[in-house]
2 protein chains.
Amino acid sequence: MAGNSQLTVAAHALTWIELHHRREGGVATSERIAGSVNTNPVVIRRLLGRMRDAGLVRSRRGAEAGWVLARPLEDMTLRDVYESIEPAPLFAVHRSDPNLDCPIGFGIRPVMRLAYARVEEAVRAELENITLADVLRDVLASSHPTELEH
Amino acid sequence: MAGNSQLTVAAHALTWIELHHRREGGVATSERIAGSVNTNPVVIRRLLGRMRDAGLVRSRRGAEAGWVLARPLEDMTLRDVYESIEPAPLFAVHRSDPNLDCPIGFGIRPVMRLAYARVEEAVRAELENITLADVLRDVLASSHPTELEH
DNA sequence: ATCCGATGTAACTATTATGGTTACTTTGAA
DNA sequence: TTCAAAGTAACCATAATAGTTACATCGGAT
């Protein structure tokens, strides 16, 4: 994959759970969510499992099993979601050690790591400006031909 | 690879070219640069080729061939380098289309694309604050045991 | 107490991106 | 004319992620 689509799928799942709750009530199952995302239910369960560990959703097992939001979408930002799924770093230093006998090879890694830490924080700060309620509102604002299913 | 290391290798190559120019003069070859980065010369030529297309470096062929900076490192930011190597997007929407009969599936992609465009711009704005001269200065500031080679 | 639909999770395969390698052509100043 | 290095195509290796299958576990409803 070119970029990382996990944040997209996570936002999709969370807003789907909320819309399902509004329209039909009750818990959302990984199978229904996967039907909307167009992926395998296990992919959804893995992703929601990490969000549950971070306190964003709760799961129930046994009969009437499924997923519910742990708090309103207004109180959940894309930063919360991003951090809950613990994505790989956006930038990396050399995959194999550079030549440490060269001043550049010796000193460049910590310098670049510091730069990348600043960039990652800028990413998180930007994601913090967007709540999942914003996402759901903008999604529903786009005209939809039927809106029969979800 | 977890993250993208191309920006690291690009910064390494550019600062190496400058240091080589200061110490030995003349052009830098992809083979010498690759020796410091610890990779294959072709990897370096591919990367510097894209930076040449963006006007950051110049290459010479034939005898006395090699690479030189097109402008001082003071006038080159990590944003310039990042954009010259045209990296893949940091975030992506679903790899396969979501269910378009669902309001979420129908509307979420443009919403997330807009969010990701904001994030990418935040990344570039942060990278713009760091020049390659800053990188070289910080690299050389780290104590190095011998500094015999580079 | 039993049922049964959904979670939880391991293990595997498929796909894709990237880096690394080989081999070869082209260049152009000495 | 030489020759060291750029330029580049084509291929292989590695790693990350998504997708899939299979199955144990759970726990409210009946």
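Chain letters run A, B, ... following the sequence lines, proteins first, then strands; residues in each count from 1.
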From CA spacing to verdict: salt bridge (charged side-chain N to carboxylate O under 4.0 Å, His left out), B:E121, B:R79: CA-CA 10 Å; B:E121 184 48 40; B:R79 177 180 187 145; 3.3 Å; yes
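Rounded to an integer number of Å, the gap from NE2 of B:H20 to C1' of D:dA5 is 13 Å. In this structure, B:I33 atom CD1 and D:dA5 atom P are separated by 12 Å, rounded to whole Å. With rounding to whole Å, B:R50 atom CZ is found 10 Å from C:dT18 atom C1'. Regarding B:H94, its NE2 atom lies at a distance of 12 Å from the P atom of D:dA18, rounded to whole Å. Remark: C1' of C:dT7 and CG of A:L48 are 11 Å apart, rounded to the nearest angstrom. Counting to the nearest Å, the C1' atom of C:dG19 and the CD1 atom of B:I85 are 14 Å from each other. When rounded to the nearest whole Å, the span between CG of B:L90 and P of D:dT17 equals 14 Å. In this entry the distance linking CD1 of B:I44 with C1' of D:dG7 reads 15 Å, nearest Å.
Summarising the local packing, CD of B:E128 is surrounded by more than 12 heavy atoms from other residues, nucleotides or ligands at distances under 6.0 Å.
As judged by a 4.0 angstrom heavy-atom cut-off over every strand, B:G66 is placed among residues touching the sugar-phosphate backbone only. Residue B:R52 is in sugar-phosphate contact alone, with no base atom involved, counting any heavy-atom pair closer than 4.0 Å across all strands shown.
In summary, the side chains of A:R50 and A:Q6 do present a donor paired with an acceptor at a separation below 3.5 Å, with no hydrogens or angles considered.
An OP1 or OP2 oxygen of D:dA4 is reached within less than 4.0 angstrom by no side-chain nitrogen or oxygen of B:T29. The phosphate of D:dA5 has neither OP1 nor OP2 within less than 4.0 Å of any side-chain N or O from B:S59. For D:dA6, one of the phosphate oxygens OP1 or OP2 lies less than 4.0 angstrom from a side-chain nitrogen or oxygen of B:S30.
Counting only residues at least two apart or on different chains, no salt bridge (charged side-chain N to carboxylate O under 4.0 Å, His left out) pair has a member in residues 51-63 of chain B.
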Any chance you could list the contact pattern along nucleotides 20-30 of chain C? Use B for base contacts, S for sugar-phosphate-only contacts and - for none, protein heavy atoms under 4.0 Å, 5' to 3'. BBBB--BBBB-
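Comparing atom distances between the A:Q6 side chain and each of D:dA18, C:dA6, C:dG19 picks out D:dA18 as nearest.
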Name every donor-acceptor pair, under 3.5 Å, that has one atom in a side chain of residues 67-74 of chain A and the other anywhere in the protein, sequence neighbours excluded.
residue: A:R71; atom: NE; partner: A:D75; partner atom: O; Å: 2.7
residue: A:R71; atom: NH2; partner: A:D75; partner atom: O; Å: 3.4
residue: A:R71; atom: NH2; partner: A:D80; partner atom: OD2; Å: 3.3

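Residues A:H12 and A:W16 place their aromatic rings such that the two centres sit no closer than 6.0 Å.
Ring planes of B:F91 and B:Y116: parallel class, angle under 30° (limits at 30 and 60°).
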